[in-house]
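Data first, discussion second: the structure below is written as structure tokens.
Computed over heavy atoms, backbone and side chain alike; hydrogens, waters and symmetry mates excluded.
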Amino acid sequence: MVFGHEVTHGLRKQSEEAYQSLRNAVMATISSDAFKARVASTKRLYEDAGQKGNDEYYEEEAVCDWVGELVGKSDILSHLKRNADYKVLGWMHSVAKSIMA
């Protein structure tokens, strides 16, 4: 899930606005309720492992996991291109190129 990690966390470091676009695209794709369930599940996993974070951290991890899952299924672009802006898609392209190099 390196790609999901690099896209999500790396994108947020580069541009909060672009990360929010990715987050919103995920929420638009899987529904707000499903997203909240993923965040809650992520929080439980981290807390069961003795790690602490805040809701924003768990939310970012849930986005990261979702992106990684879609990469594994090779569906990420078809799902996100309807909702993500060019900054998100451009960042994903640059991450993919750096991983494959």
What's the spacing between [X] [atom1] and [Y] [atom2] if we round to 0.5 Å?
| X | Y | atom1 | atom2 | answer |
| --- | --- | --- | --- | --- |
| Arg38 | Met27 | CZ | CE | 12.5 Å |
| Arg12 | Leu22 | CZ | CG | 10.5 Å |
| Arg44 | Tyr58 | CZ | OH | 11.5 Å |
| Leu11 | Arg23 | CG | CZ | 13.5 Å |
| Asp48 | Lys43 | CG | NZ | 11.5 Å |
| Asp65 | Leu45 | CG | CG | 8.5 Å |

Does any N or O in the side chain of Ser41 come within less than 3.5 Å of the main-chain N or O of Ala37, such that one atom is a donor and the other an acceptor?
no
Check whether more than 12 heavy atoms from other residues, nucleotides or ligands sit under 6.0 Å from atom CD of Glu17, and answer yes or no.
no
Test Thr8 against Trp66 for side-chain contact (heavy atoms from CB on, under 4.5 Å), laying out the working first.
CA-CA 10 Å; Thr8 304; Trp66 184 84; over 6 Å; no
Check whether the side chains of Glu16 and Gln20 place a donor and an acceptor atom closer than 3.5 Å, and report yes or no.
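Short answer, yes.
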Answer whether the closest heavy-atom distance between the side chains of Glu59 and Phe35 falls below 4.5 Å.
yes
Working for side-chain contact (heavy atoms from CB on, under 4.5 Å), residues His9 and Tyr19:
CA-CA 8 Å; His9 300 307; Tyr19 165 74; over 6 Å; no
